[in-house]
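Data first, discussion second: the structure below is written as structure tokens.
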Amino acid sequence: MRPSAVARFQRLFRAAAGIDVDKNDLKRYDDFVDRKIYDLLLIGQAHARANARDVIQSSDLPVSKGLQESVHAFRRLDEEIELKPILEELAKRPPLDLAVAEETEQALPEIVGGLTFALARAFTIIEPERRNPQTDQWVRVTTLFDLLL
């Protein structure tokens, strides 16, 4: 990740939840985003198939009310931080059996932003006093996301 991108992510985590992340955290974050985008698209693919479609629409993605609210919160923060172009790179699509609609493709960066906002907030819920998440907090928070998404 470019140094300017690192600084922007650090600002996002600070603005969203008052926590500090470092380069090791950003590697964990990148792995988290890859897994969650894949999970969302995998379920979206199942929904598209269940509806006899060969294209994954954005409505096929399992975006919960909480994640949608986090997307909205991210949008407000992104006006200051301008991460969306960087998130477009992170929202890489894994190979799937079905095509992804253009609308769905365009929604992925903001969904990644919402996941990022929710992830940052989850750290403060899991351990409110810690300002710099350590490995055990990453494991707990990402395990929670794995249970819910």
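This is a predicted model, so every value here is computed, not measured.
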Notebook entry, point to check: Which residue, H47, R53, Q45, forms the side chain to side chain donor-acceptor pair (under 3.5 Å) with D60?
Noted result: R53
Check [X] against [Y] and note the closest heavy-atom contact, atom names and distance.
X: A17; Y: T124; answer: O-CG2, 3.2 Å
X: G114; Y: S70; answer: O-CB, 3.3 Å
X: I56; Y: T104; answer: O-OG1, 2.9 Å
X: I111; Y: V63; answer: CD1-CG2, 4.1 Å
X: V141; Y: I126; answer: CG2-CG1, 3.6 Å
X: D22; Y: Q10; answer: CA-NE2, 4.2 Å

Would [X] and [Y] pass as an ion pair if we require N to O under 4.0 Å?
X: R28; Y: D31; answer: no
X: D146; Y: K36; answer: yes
X: D39; Y: R35; answer: no

Next item on the list: Could you tell me the separation between the OG1 atom of T135 and the CZ atom of R140, rounded to the nearest 0.5 Å?
Entry: 11.0 Å
Notebook entry, point to check: Is there side-chain contact between Y29 and T116, with heavy atoms separated by less than 4.5 Å?
Noted result: yes
Check: Are the aromatic rings of W138 and F123 close, with centres under 6.0 Å apart?
Finding: yes
